[in-house]
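These numbers come from a predicted model, not from an experiment. Per chain, numbering begins at 1; letters A, B, ... match sequence-line order.
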Amino acid sequence: DVKVTQSSRYLVKRTGEKVFLECVQDMDHENMFWYRQDPGLGLRLIYFSYDVKMKEKGDIPEGYSVSREKKERFSLILESASTNQTSMYLCASNRGRDTGELFFGEGSRLTVL
Amino acid sequence: KNQVEQSPQSLIILEGKNCTLQCNYTVSPFSNLRWYKQDTGRGPVSLTIMTFSENTKSNGRYTATLDADTKQSSLHITASQLSDSASYICVVSLNAGNMLTFGGGTRLMVKP
């Protein structure tokens with residue numbers, strides 16, 4: 001079974017703190033994605049990566065950065081957390097350049113106070 | 001603008017009843033359409049994929065249909081169970097790379 005593991009299920013941070021969300025997949029997938037999910041807005045793409053060291057902006061990259069130093073690991077970084085970044089963050093991965101099935105992690109619910 | 005609209009936003013049905021969820025899209029050029037099920041507090045899981053040439057596809061009690069002419073898809077759930085309580089998300093892929101457009105989801109609650 002494909003396994004996408006997100007390091008933290010629940011986090012509570014204060015405004016201005018730096019936040020790291022880690023994601024690891026064990027299926028040797030080339031592509032990895034970070035989404036945020038908010039009620040009424042659905043899933044919105046923050047960043048994605050097609051390969052190690054590569055990253056591309058999604059629809060809402062402002063306030064976020066990412067790192068992909070190894071193929072299996074994709075990190076989302078909030079340099080200075082703000083209250084409007086309170087959300088559910090979902091990591092996903094898939095194989096190849098075509099629009100194949102996305103395999104999601106369990107999600108990380110971040111609350112910024 | 002590429003959009004995916006789902007209806008209803010939420011739905012409550014009694015266990016054992018059938019229901020149909022709708023997905024309308026304006027994505028072009030179209031590659032495929034997937035339905036995902038998301039249990040509360042979990043990540044979405046793919047239920048079925050529909051390509052341009054497919055009209056209907058079943059996965060157990062779930063049956064998806066696609067009308068590429070009217071750009072509509074539906075997900076029919078037969079003989080609902082309590083475990084069907086979840087959000088169902090329609091995702092449409094552009095005919096190029098990993099460009100996806102997500103619907104807002106339908107939240108289904110099945111009551112005993």
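When every heavy atom of B:Ser80 is checked against every heavy atom of B:Leu14, the shortest pair comes out as OG-O, 3.2 Å. Scanning all heavy atoms of the two residues, the minimum distance from A:Phe103 to A:His29 falls at CD1-CE1, 3.5 Å. Pairing each heavy atom of A:Glu101 with each of B:Ser46, the nearest pair is OE2-CB, 3.2 Å.
Most heavy-atom pairs under 4.5 Å with chain B, from the set A:Arg44, A:Arg109, A:Gln37: that is A:Gln37. Of the listed residues (A:Met88, A:Gln6, A:Arg9), the one with the most heavy-atom contacts under 4.5 Å to chain B is A:Arg9.
A salt bridge does not link A:Glu17 with A:Arg14: none of the charged nitrogens is closer than 4.0 Å to a carboxylate oxygen.
Ring pair A:Phe33/A:Tyr35 is parallel by interplanar angle, where below 30° counts as parallel and above 60° as perpendicular.
Interface remark: B:Gln38 contributes side-chain atoms only to the contact with chain A (heavy atom separation under 4.5 Å). Looking at A:Leu43, both its backbone and its side chain come within 4.5 Å of chain B, counting heavy atoms on both sides.
Annotation: residues 101-112 of chain B contacts chain A through B:Phe102, B:Gly103, B:Gly104 [non-hydrogen atoms, separation under 4.5 Å].
By the rule that hydrophobic residues join a cluster once side-chain heavy atoms approach within less than 4.5 Å of another member, A:Leu110 and A:Ile60 end up as members of one cluster.
Put simply, the side chain of A:Met32 reaches to within 4.5 Å of the side chain of A:Cys23, judged on heavy atoms.
For B:Tyr25 and B:Phe30, the gap between ring centers is short of 6.0 Å.
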